[in-house]
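Here's the structure we're looking at; comments come further down.
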Protein chains: 2
Amino acid sequence: MAISAQSAKAFEDHNHQRCCGEVLEQAHKLATSGGLRLTPVRRRTLEILLEEHRAMGAYEVLERLAKDGFGKQPPVAYRALEFLVENGLAHRIRRLNAFAACMTPGQPHAPAFFICELCNCVAEVQDVSVRQAVEAAAAGIGFGVSRANVEVVGTCPACHKGRDQ
Amino acid sequence: MAISAQSAKAFEDHNHQRCCGEVLEQAHKLATSGGLRLTPVRRRTLEILLEEHRAMGAYEVLERLAKDGFGKQPPVAYRALEFLVENGLAHRIRRLNAFAACMTPGQPHAPAFFICELCNCVAEVQDVSVRQAVEAAAAGIGFGVSRANVEVVGTCPACHKGRDQ
DNA sequence: GCAAGAAATGTAATGTTATTACATTACCTG
DNA sequence: CAGGTAATGTAATAACATTACATTTCTTGC
Ligand SMILES: [Zn+2]
Ligand SMILES: [Zn+2]
Ligand SMILES: [Zn+2]
Ligand SMILES: [Zn+2]
């Protein structure tokens with residue numbers, strides 16, 4: 001049995017201010033050490049994604065950026081988001097046509113996303129056993145994995161509880 | 001270790017005529033026994049999806065349907081596709097904004113999709129261990145799973161071989 | 001410091017995917 | 001065959017995403 005289910009901050013009571021702060025700091029470190037340019041739009045985009053543990057559509061991000069004085073056209077948001085995704089600072093959630101900040105930037109990645117269909121919160125979990133199962137299945141059919149999306153829809157602990165009343 | 005990687009027809013030499021035929025027959029059975037109405041548009045849509053082991057966009061399906069004398073507007077395709085998905089005769093591949101015929105309709109379902117980024121073919125694999133890993137991860141964070149998307153991008157056996165020359 | 005090139009940003013236009021709303025037709029049921 | 005329900009057809013629009021190109025900012029070798 002492989003190591004499984006790490007903490008899913010999104011579903012736990014936690015100091016979110018600090019939670020964001022840590023991720024932003026980590027992002028900053030990665031930028032300086034890795035030669036990435038975390039420009040104002042990009043940084044602001046990451047901050048916006050970090051505000052809540054949920055995914056945001058590109059146009060929702062764009063609206064926020066426009067209010068903050070950045071450009072008003074879709075490429076402004078899409079470019080910033082693309083940069084974040086390519087550099088491991090955000091993830092794209094295909095199921096939602098949306099983006100979420102990465103909660104463990106810079107670390108080895110095999111994320112699974114758990115999306116609550118009631119409150120829309122999204123938890124990113126680094127789960128080795130899911131990845132291993134995918135790799136094993138791929139090996140069984142001679143498939144070479146380059147990227148895997150694991151997106152699970154259901155109810156988060158809080159909403160799950162509420163529903164059973 | 002759980003049972004893993006069943007056959008992935010899409011990646012194997014096989015009698016595809018027969019492969020389609022079986023799925024269509026199975027779909028027909030399900031329809032009659034389950035009280036589903038597999039109307040002409042819906043049946044034709046399924047046939048179109050079955051022609052190749054790849055996913056098709058709704059507008060691509062629509063074009064084909066229109067040529068066959070059905071309606072020319074998006075809802076024609078989207079409705080037929082929605083019907084097929086809801087009744088387990090097709091799957092939606094979020095990663096591709098596209099749809100693929102289900103290769104094992106009527107049977108218990110925990111599909112993972114393997115998408116070749118070179119030839120665009122898509123294999124549907126019923127893999128218990130992937131599902132188990134997802135369930136375990138979910139249990140670990142108190143999440144109640146209702147649906148899971150597992151979509152893996154990479155290279156299929158044929159393309160993988162070709163690339164190593 | 002300052003030109004030349006590269007990277008990032010801003011904007012307009014357009015392409016692609018998906019849904020809403022409503023009229024019409026086909027189907028079932030008594 | 002009337003009355004209700006499910007399915008289909010069409011128009012309009014919404015939501016998501018990309019291309020193309022002008023402009024600015026940053027870097028780098030001199
Ligand atoms: Zn937090
Ligand atoms: Zn991550
Ligand atoms: Zn086949
Ligand atoms: Zn299936």
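Here is how names work: the chains are called A, B, and so on, in the same order as the sequence lines, proteins then strands, and each is numbered from 1.
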In whole Å, what is the span from the CG atom of A:Asn87 to the P atom of C:dA7? 14 Å
Roughly how many Å is it from CZ in A:Arg37 to C1' in C:dT9, rounded to a whole number? 10 Å
May I have the distance from A:Lys72 (atom NZ) to C:dT11 (atom C1'), rounded to whole angstrom? 11 Å
Distance check needed: C:dT25 P versus B:Arg79 CZ, whole Å only. 15 Å
Find out whether B:Ile115 and B:Asn120 are in side-chain contact, i.e. whether some heavy atom of one side chain is under 4.5 Å from a heavy atom of the other. no
What is the separation between atom CG on A:Leu62 and atom P on C:dT11, rounded to the nearest whole Å? 11 Å
Should A:Gln73 be listed as having a side-chain N or O under 4.0 Å from OP1 or OP2 of C:dA12? yes
Less than 4.0 Å between a side-chain N and a carboxylate O, is that true for B:Glu22 and B:Arg18? yes
Verify the contact: side-chain N or O of B:Asn97 to OP1 or OP2 of C:dA18, cut-off strictly under 4.0 Å; return yes or no. yes
How close or far is atom P of C:dT9 from atom CD of A:Glu82, stated in whole angstroms? 12 Å
Under 4.0 Å between a side-chain N/O of B:Thr39 and OP1 or OP2 of D:dT8, yes or no? yes
Just checking B:Phe99 against B:His91, ring centres under 6.0 Å apart? no
On the side chain of B:Tyr59, is there an atom forming a donor-acceptor pair with the base of C:dA18 - under 3.5 Å, no angle test? yes
Hey, which sits more toward the 5' end of DNA chain D by its nearest nucleotide, B:Gly71 or A:Tyr78? B:Gly71
When the distance from CG of A:Leu65 to P of C:dT9 is rounded to whole Å, what number comes out? 11 Å
Test item: side-chain donor near acceptor, B:Glu117 and B:Thr155, under 3.5 Å: no
Carefully, step by step, assess A:Phe83 and A:Thr39 under the rule side chain to side chain contact (heavy atoms under 4.5 Å, CB included). CA-CA 10 Å; A:Phe83 171 88; A:Thr39 61; over 6 Å; no
On the nucleotide C:dT9, are OP1 or OP2 found under 4.0 Å from the side-chain N or O atoms that A:Arg44 carries? no
Grab the CZ-C1' distance between A:Arg42 and D:dT25 for me, whole Å please. 12 Å
By the 4.0 Å heavy-atom rule, please label B:Arg94 as base, sugar-phosphate, or nothing. nothing
Here's a test of your reading of the structure: between B:Pro75 and B:Pro40, which maps to the more 5' nucleotide of DNA chain D? B:Pro40
